[in-house]
2 protein chains.
Amino acid sequence: MSTETSQDIAAPAEHWRSYRPLALHPILLRAMEAFNEHGYHGTSVRDIAGRVGVTVPALYYHYANKQALLATLLETSIKDVLDRCRAAAAEAGDDPLARFCGMVESIVLSMAHRRQLAFLDTEIRSLEPENRARYVALRDYLEHMLLDTVEAGRARGVFATPIPADAVRAVLIMCQGVANWFREDGPLTAEQVAERHVLLSLGTVGHPPAPAS
Amino acid sequence: MSTETSQDIAAPAEHWRSYRPLALHPILLRAMEAFNEHGYHGTSVRDIAGRVGVTVPALYYHYANKQALLATLLETSIKDVLDRCRAAAAEAGDDPLARFCGMVESIVLSMAHRRQLAFLDTEIRSLEPENRARYVALRDYLEHMLLDTVEAGRARGVFATPIPADAVRAVLIMCQGVANWFREDGPLTAEQVAERHVLLSLGTVGHPPAPAS
DNA sequence: CCTACCGATCGGTAGG
DNA sequence: CCTACCGATCGGTAGG
């Protein structure tokens, strides 16, 4: 709680499509890497401290415990996703189709550009109840944002799915899944993957492929 | 390596839509439950032994180590999914649309009826390289089966997606995702969830919703 | 399957 | 009084 807090971590005043190199406190950065490789319980605080090049007590000076590292990382991650998704939705305006496309694009870009951060979603089980509740609330909020848009699109006949809630859950799961397989040195860029997932998602919510909209 | 091995575990000669109560060796069953609650590294062998009601050494009499429990569980799980999916495909015959629907239905039924087993997929990172390679190979085989069907359907104009490989990956991820949220006491039965995912998946691979097929 | 244990490492903290 | 740590070790538990 000195010079640096968690505010300076992710998205200061950046456009939602723009991704600077991830600027995390070295301890958070190394913890993220270790959690990615071995999982939360498979990572020792000594491993994290070793990667950073400090002693274990030094680590405990900056963060209360191992749990605080995971909680901070996950909250940083979901808040950045939410911020960018909101920005994308705002930029798209009122049209449900444009909003949906922008939101999906922004979420997939987050998953790809911040893959290691997004991958930690698999560790929510290791969050203490209070931390998990806060994280899940933010994720649920994202889901409701997207569902509102799909419902609005349904009302205008843009989306044909008879099961919007299931479709939105499926779309978010397939977007989240990008963090499981995307690689920076893979055949597709983050932008290409985002574009493809917009297309896939439109199919999932039943946006007619044939008619010119 | 004595009386019981892993063969008697899952799917003897059952129809792919029929799910008997999960018949696992008590040690595997309790290990599965513990891994679901706390993850692989978050589970101690004493915890498992305690759930079973045996001592730790007793546990090691049946299984070489903790890793063998996870590897056996994951292999049991993916092999049962594959068996049922193959049966569903065979039952559907040559028509790509019917095959696709049957395969997706069978996979989602597996995820829902064998949720705790399917959820262990999140623990592949904790598998030793050799075990992981075997598991991933089987999962890849499932993906190729589904991709072949989607390609065949594309050739006949049944599926419109221009990106079949991405669509199949997305479909499998959304099916796998069912294991993350499905609850037996939830609002939908496994069969309803499977039906809905067939519909969602058809949209994802671009099966035209309007024309009467 | 049990009792009796091992070398090492776990998350976290002491005094300075 | 603060910050940013250190070498050493705490009580318990890991897989075997």
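Everything numeric in this text was worked out from a predicted model, so none of it was measured. Scope of the values below: all heavy atoms of this structure, side chains included, with no hydrogens, waters or symmetry mates. Labels below follow one simple rule: chain letters A, B, ... track the order of the sequence lines, proteins then strands, and each chain is numbered from 1.
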Under 3.5 Å donor-acceptor, B:Y19 side chain and B:S110 backbone: yes
By nearest heavy atom, map A:A58 and A:R46 onto DNA chain D; which one lands nearer the 5' end? A:A58
Work out how far the P atom of D:dA4 is from that of C:dG16, and round it to whole angstrom. 22 Å
Which nucleotide, C:dG12, D:dC5, C:dG11, lies nearest any side-chain atom of A:T55? D:dC5
List the steps, then state whether ring-ring contact (aromatic ring centres under 6.0 Å, His included) holds for A:F100 with A:F159. CA-CA 10 Å; A:F100 178 82; A:F159 303 134; 5.2 Å; yes
Among D:dT3, C:dC10, C:dC1, which is the nearest nucleotide to the side chain of A:Y61? D:dT3
Determine the Euclidean distance between corresponding C1' atoms of D:dA8 and C:dG12; express it in Å to zero decimal places. 13 Å
What integer distance in Å separates B:D47:CG from D:dG12:P? 19 Å
Which whole-number value in Å describes the distance from B:K66 NZ to C:dC10 P? 13 Å
Would you tell me whether B:T122 and A:T122 have side-chain atoms, one donor and one acceptor, within less than 3.5 Å of each other? no
Going by an N to O cut-off under 4.0 Å, is there a salt bridge joining A:R51 and A:E37? yes
Round to a whole Å and report the spacing from NE2 of A:H62 to C1' of C:dG11. 18 Å
Tell me the interatomic distance from B:H38, atom NE2, to D:dT13, atom P, rounded to whole angstroms. 14 Å
Could you tell me the separation between the NE2 atom of B:H41 and the P atom of C:dT9, rounded to a whole number of Å? 15 Å
Separation of C:dC10 atom C1' from A:L59 atom CG, nearest Å, is 14 Å
N or O in side chain of A:S44 less than 4.0 angstrom from C:dC10 OP1/OP2: yes
To the nearest angstrom, how far is B:Q67 atom CD from D:dG16 atom C1'? 15 Å
For the ring pair B:H38 and A:H41, is the centre-to-centre distance below 6.0 Å? no
Whole angstrom is fine here: how far is it from OH in A:Y60 over to C1' in D:dA8? 16 Å
